[in-house]
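Read through the structure below, which is laid out as structure tokens, and then see the notes.
Note that these values count all heavy atoms, side chains included, but never hydrogens, waters or copies made by symmetry. Quick note on labels: first sequence line is chain A, next is B, and so on, each numbered from 1. As the structure is a prediction and not an experimental result, all values here were calculated from the model.
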Amino acid sequence: MSDPSSADRPVVTRIAPSPTGQMHIGTARAALFNWLYARHTGGTFLLRIEDTDRERSTEGAVQTILDGLSWLGLEPDAEPVYQHARAERHREMVEKLLETGGAYRCYMTVEEVAEERERARAQGRAIRSIWRDREAPSRTNAPFVVRFRGPLEGETIVNDLVKGPVTFANANMDDLVLLRSDGSPTYNLAVVVDDHDMGITHVLRGDDHLSNAGRQSLIFEALGWAKPAFGHLPMIHGPDGAKLSKRHGAQAVGEFAEMGYLPEAMRNYLARLGWGHGDDELFSDVQAIAWFDIKDVGSAPARLDWAKLGHVNNHYIRGADDARLAALVGDIHAGRGLVIHEAGRAAMDRAIPLVKEGAKTLLDLADLTVFVLKIRPLALDEKTLKLLDETTCGRLGRLGVRLDDEPEWIAAPLSKALQDFAESEGVGLGKFGPALRGVLSGGATAPDLASALEALGREESLGRIADALSQVQ
RNA sequence: GGUCCCUUCGUCUAUCGGUUAGGACACUAGAUUUUCAUUCUAGGAAGAGCGGUUCGACUCCGCUAGGGACUGCCA
């Protein structure tokens, strides 16, 4: 149902964030959908930085966007376009509109506009300037803005790819400002000119721009240009249904990264928010690209569900390369001020594959591996100290000797050895397992005993047991 | 206030006029067990409300209610 004029061109999509702070997760999802659609159709995915508001745009925010996209693995196919740099072109088009009568100079003061706004609101109509049908004042250097001369009647229909046909009465649409009194172009004008010049065929963006689609359609028409196809994505809300904000835990891409979510997990989870392919929940980028279609994008807003995100992330952590995880987790440990020695590094490498199935985030993985990084002799927690009575100490002593006989220090045979030992002692593992756990981990979270032993290595394991025994005696 | 959008289990969703309304996460119970977790098994859980259209409606239409967006010389 796309605009016929754009149907035959190769697809060009774009993400057009304004660099005014953090990169919202909704922007990330819009980027993902644009990226998926471009990849699916063999088209192009572009980035445009909407920095026409010089007051609010910052260099740092631009970098945040670039970093965010890069982290997500959604690199644009060309250098970013900076909207601000195109101001001359925008002004040219306003000139053209002025010549063709599609726009007019409005000399209303801000106060007068405020009054008109109030009147218009009270009367339930759109804002109209008195200068719409009036000659310019005689005093030539009076400040003015350029407004769009919108049609007074008829309707504008946006055939939205997600929402279906959306009808706006032209009478309800304001004569919006195209050029500010300082001569700088505004958003709605710049978007239209840039989308046209960049050859954008599909505009997939947040729901909050739906009403802008009506306004922008009018400008496209006034300029005599073909419109792109529009698709307005529903917003992402917090778990309570309100617009996603800081108090929901996170809203910026960078925050998700810091919380230990993997970019591929974010892509999978975000894709599933508002888009679906039957019952498929976990899928690769290749599959998502093959399956993605705008017609399968839902129209209702979705809530962020941390539990499910955690589940998806866990799935990708399980499948992730261990060396990559080790590097990522090492950074987290380092960030927490932990020094990682050579031996610790090796122990981490051994520990990660043994514990990662229990990690929902990289932060979890850090918690699950911290026990191998402890330095001997470990400080024993009270719970463990209480478990270390004479009988248990005797057992652990014998266990140490028994384990040292193991030819191979890997989990499966170690597990067998533990079972055999328990049997030879005539007790269940429960009789000394918890004590051994405490001795090996110093109270930190640790995996099952055999895995913990393997991760620590022979020397370290036996050393920790010996340390504990001499400490208690 | 006005314009526009949205509404299936707690959450994300499948369904595209005829189904015991399916799946995933979460939850509950049981099994496993050296903590937590993992794993396995079982289970509860939904069409906002009211009217139409139709032989038949979750699906189409209208109204109501509830959410949301926009209503800037912000984007």
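Side chain A:Asn172 to base B:rG2: no donor-acceptor pair is found below 3.5 Å. Judged by distance alone with a 3.5 Å cut-off, no donor-acceptor contact links the side chain of A:Thr186 to the base of B:rC73. A donor-acceptor contact under 3.5 Å links the side chain of A:Lys308 to the base of B:rA24. Evaluation of atom-type donor-acceptor distances gives no pair under 3.5 Å for the side chain of A:Arg303 against the base of B:rU11. Within 3.5 Å, no donor on the side chain of A:Asp448 pairs with an acceptor on the base of B:rA37, nor the reverse.
Between B:rU7 and B:rG62, the distance separating the two P atoms is 14 Å to the nearest Å. B:rG22 sits 12 Å from B:rU8 when the C1' atoms are compared, rounded to a whole Å. For the C1' atom pair drawn from B:rC73 and B:rG2, the interatomic distance equals 22 Å after rounding to whole Å. Taking atom C1' in both B:rU59 and B:rU53, one finds a spacing of 13 Å when rounded to whole Å. Between the C1' atoms of B:rA14 and B:rU19, the separation comes to 12 Å (whole Å). Between B:rA37 and B:rA31, the two P atoms lie 16 Å apart (nearest whole Å). Using atom P as the reference point in both B:rG23 and B:rG44, the two lie 12 Å apart (nearest Å). Spacing of P atoms, B:rA24 relative to B:rC5, comes out at 35 Å, to the nearest Å.
Atom CG of A:Leu233 and atom P of B:rC6 are 14 Å apart (whole Å). Look at CG on A:Leu270: it is 12 Å from C1' on B:rC12, rounded to the nearest Å. In this structure, CZ of A:Arg215 is placed 14 Å from C1' of B:rC5, rounded to the nearest angstrom. One atom, NE2 of A:His315, and another, P of B:rU39, lie 12 Å apart when rounded to the nearest Å. Rounded to whole Å, atom C1' of B:rC12 lies 11 Å from atom CZ of A:Phe283. The interatomic distance linking A:His232 (NE2) with B:rC5 (C1') rounds to 11 Å, in whole Å. Put simply, NZ on A:Lys163 is 12 Å from C1' on B:rU7, counting in whole angstrom units. In this structure, CD of A:Glu155 is placed 10 Å from P of B:rC4, rounded to the nearest angstrom.
Searching all strands for a Watson-Crick or G-U wobble partner of B:rG18 with both distances below 3.5 Å returns B:rC55. Of all nucleotides present, only B:rA24 satisfies the Watson-Crick or G-U wobble test against B:rU11, with each distance under 3.5 Å. Using the Watson-Crick or G-U wobble rule with both distances under 3.5 Å, B:rU38 pairs with nothing in any strand shown.
Among the heavy atoms of the strands, none lies under 4.0 Å from A:Ala126. Heavy atoms of A:Thr20 sit nowhere under 4.0 angstrom from any nucleic acid atom. Residue A:Leu449 is in base contact, counting any heavy-atom pair closer than 4.0 Å across all strands shown. Contacts of A:Ser299 with the nucleic acid, taken as non-hydrogen atoms under 4.0 Å apart, involve only primed sugar atoms and P, OP1 or OP2. Counting any heavy atom pair closer than 4.0 Å across all strands shown, A:Asn212 reaches a base atom. Among the heavy atoms of the strands lying under 4.0 Å from A:Glu50 are primed sugar atoms or P, OP1, OP2 only; no base atom is included. Within the 4.0 angstrom heavy-atom criterion, base atoms lie near A:Pro447. When heavy atoms are screened at a 4.0 angstrom cut-off, A:Leu273 is found touching the sugar-phosphate backbone but no base atom.
Nearest-nucleotide positions on RNA chain B place A:Gly274 closer to the 5' end than the other of A:Leu179 and A:Gly274. Comparing A:Val166 and A:His209 along RNA chain B, the residue whose closest nucleotide (by nearest heavy atom) sits nearer the 5' end is A:Val166.
Residue A:Arg318 places at least one side-chain N or O under 4.0 Å from the OP1 or OP2 atom of B:rU39. Here A:Arg272 does not reach the OP1 or OP2 of B:rU13: none of its side-chain N or O atoms lies under 4.0 Å away. Residue A:Thr52 places at least one side-chain N or O closer than 4.0 Å to OP1 or OP2 of B:rA75. OP1 or OP2 of B:rC73 sits under 4.0 Å from a side-chain N or O of A:Arg117.
Taking a cutoff of 4.0 Å between a charged side-chain nitrogen and a carboxylate oxygen, A:Glu88 and A:Arg91 qualify as a salt bridge. Ion pairing between a basic and an acidic side chain is recognised when a charged N comes within 4.0 Å of a carboxylate O; A:Glu425 and A:Arg398 show such pairing. Under a 4.0 Å N-O distance rule, the pair A:Arg14/A:Asp194 does not qualify as a salt bridge. Under a 4.0 Å N-O distance rule, the pair A:Lys374/A:Glu460 does not qualify as a salt bridge. Between A:Glu281 and A:Arg272 there is a salt bridge, with a side-chain nitrogen of the basic residue lying less than 4.0 Å from a carboxylate oxygen of the acidic one.
Taking the six-membered ring for Trp, A:Tyr269 and A:Tyr261 have ring centres at least 6.0 Å apart.
A:Phe256 and A:Trp306 have parallel rings, their planes meeting at less than 30° on a 0 to 90° scale where 60° marks the start of perpendicular.
The local environment of CD in A:Gln123 is crowded, with over 12 non-hydrogen atoms from other residues, nucleotides or ligands closer than 6.0 Å.
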